[in-house]
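Lettering of chains follows the sequences in order, A, B, ..., and the numbering in each one begins at 1.
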There are 2 protein chains.
Amino acid sequence: MTYRLPALNALRAFEAAARHLSFRMAASELGVTAGAISQQVKKLEVSLGVALFRRLPQGLLLTTEGETYLPQISKVFEDLTEATEAIAPKMNSKKFNIGICSKAADILPPHWPKHRGSLKAFVRDSIYTNDVEMIRTNEIDCLIRLGGGPYGDLALIKIPSSASTKKHPAELHYVCKPGLADCRQSKAILEDLKIHTLSNS
Amino acid sequence: MTYRLPALNALRAFEAAARHLSFRMAASELGVTAGAISQQVKKLEVSLGVALFRRLPQGLLLTTEGETYLPQISKVFEDLTEATEAIAPKMNSKKFNIGICSKAADILPPHWPKHRGSLKAFVRDSIYTNDVEMIRTNEIDCLIRLGGGPYGDLALIKIPSSASTKKHPAELHYVCKPGLADCRQSKAILEDLKIHTLSNS
DNA sequence: TTGGAGGGATAGAAATACTGAGTCTCTGAA
DNA sequence: TTCAGAGACTCAGTATTTCTATCCCTCCAA
């Protein structure tokens, strides 16, 4: 008997923006522009008749209402994700396209990640590239490269066991959208990288 | 850290369709055509990689997955509604346009529902009509009339205290979209109608 | 055998969401 | 005090999504 819910996509924009306290980062997580987030959040606020954010020059703050709303909305999305993964195994296994910079490829075993059974479920393809922009354009889901330059709002994860040594003068890094840093796919790939770099050093 | 949720509006179509086990009735509840529901549900099934309904010539059945999914999704929407109403009082008070058939108007106090303080928050306007179609076209939210003809998939509620008597040869009925039968607005109007017809008989 | 109910498909229309560019304000560094 | 950088807002135009309107099919009951 649900009736007159707020716009669901606008809720998603709100949830991400409130989590980051930044429209720009929310935009990056959801793969749209900040203007789109701004518009969606405004639309939500108008439809609710309540301000959710205080826009300060220094950035965003949640209003009391936003503060109350955020955890509940986050929970709703979590419940939704859980329910969905329970019935739709396919959603778990969206396969990643991996970008590998050529210097990182030198360190990794030949043809990695092919023939890695444990990754088969998580990896669709891999290409050689060093272009971080391809993450933003969704051509690749993550990029493995040497060294951790500044990637703006992208998530940057250092491969734990790949500390700089004589043999490996720079550290392996894993770059992806912030929203993807914690997902199964990333975890599996990172785990596999960790094993490899350990056994190599 | 939510990632790759199913399309939220498609979930809404699924939830309504699963509750009614009918695309047509779900469409009526959500104020769209059955084709739109059909498309949304199909899109959801494709994106999940799982069939949610079995389409039989006799109508719909839920698959095992759909059966599992429905209560969880319903709960999600309930939680969402609750969270939203808590911070956005405005959402509670979408005002109804009431249609009143002229025979029903004879029974009701003059100018009802005007001057009814308890309804002020729930009623925008009332007009005289006996045209059920206006509910489907959203020109009115509910219709109060004598006698309970067949209204297809619309909800039909008999006003409890208006049993047929010499003075009132037919019973007052309240007609609205199924999704609106349980909402605050309907409850308030029905409550007021009950009091009136009691005091009149 | 016919008509009605209900779901499926599809093309085109309508509504929604997104982008891109320009603007404003504030901050912190030079 | 000036300037560059961040971050958000607005608006026009465009892209995408969603809905409608039809026509189709199947089943069932009269």
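- For the pair A/Met25 CE and D/dA6 C1', the computed distance is 13 Å after rounding to whole Å.
- Of the side-chain N and O atoms in A/Arg55, one or more sit less than 4.0 angstrom from OP1 or OP2 of D/dC9.
- Formation of a donor-acceptor pair under 3.5 Å by the B/Ser38 side chain with backbone atoms of B/Ala34 is not found in this model.
- Atoms CG (B/Leu21) and C1' (C/dG7) sit 14 Å apart, rounded to a whole Å.
- Among the atoms of the strands shown, only primed sugar atoms or phosphate atoms (P, OP1, OP2) are found under 4.0 Å from some heavy atom of B/Leu60.
- Note: CG (B/Leu61) to P (C/dG7) measures 11 Å, nearest angstrom.
- Listed for the B/Asn97 side chain is no donor-acceptor partner under 3.5 Å among the backbone atoms of B/Asp141.
- Distance check: B/Ile189 CD1 to B/Ile98 CD1 gives 4.0 Å after rounding to the nearest 0.5 Å.
- Here D/dT17 presents its P atom at 14 Å from CG of B/Leu8, a figure rounded to the nearest Å.
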Across nucleotides 14-24 of chain C, 5' to 3', mark each nucleotide with B, S or - according to how protein heavy atoms within less than 4.0 Å reach it.
---SBB-----

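- B/Arg55 places a side-chain heavy atom less than 4.5 Å from the side chain of B/Val41.
- Rounded to an integer number of Å, the gap from CD of A/Glu45 to P of D/dA8 is 13 Å.
- Judged by distance alone, with hydrogens and angles left aside, the side-chain atoms of A/Ser126 form no donor-acceptor pair with the main-chain N or O of A/Gly99 at under 3.5 Å.
- Remark: side-chain polar atoms of B/Thr84 are paired, donor with acceptor, to backbone N or O of B/Leu80 under 3.5 angstrom.
- Nucleotide D/dT18 holds its P atom 16 Å from the NZ atom of B/Lys42, rounded to whole Å.
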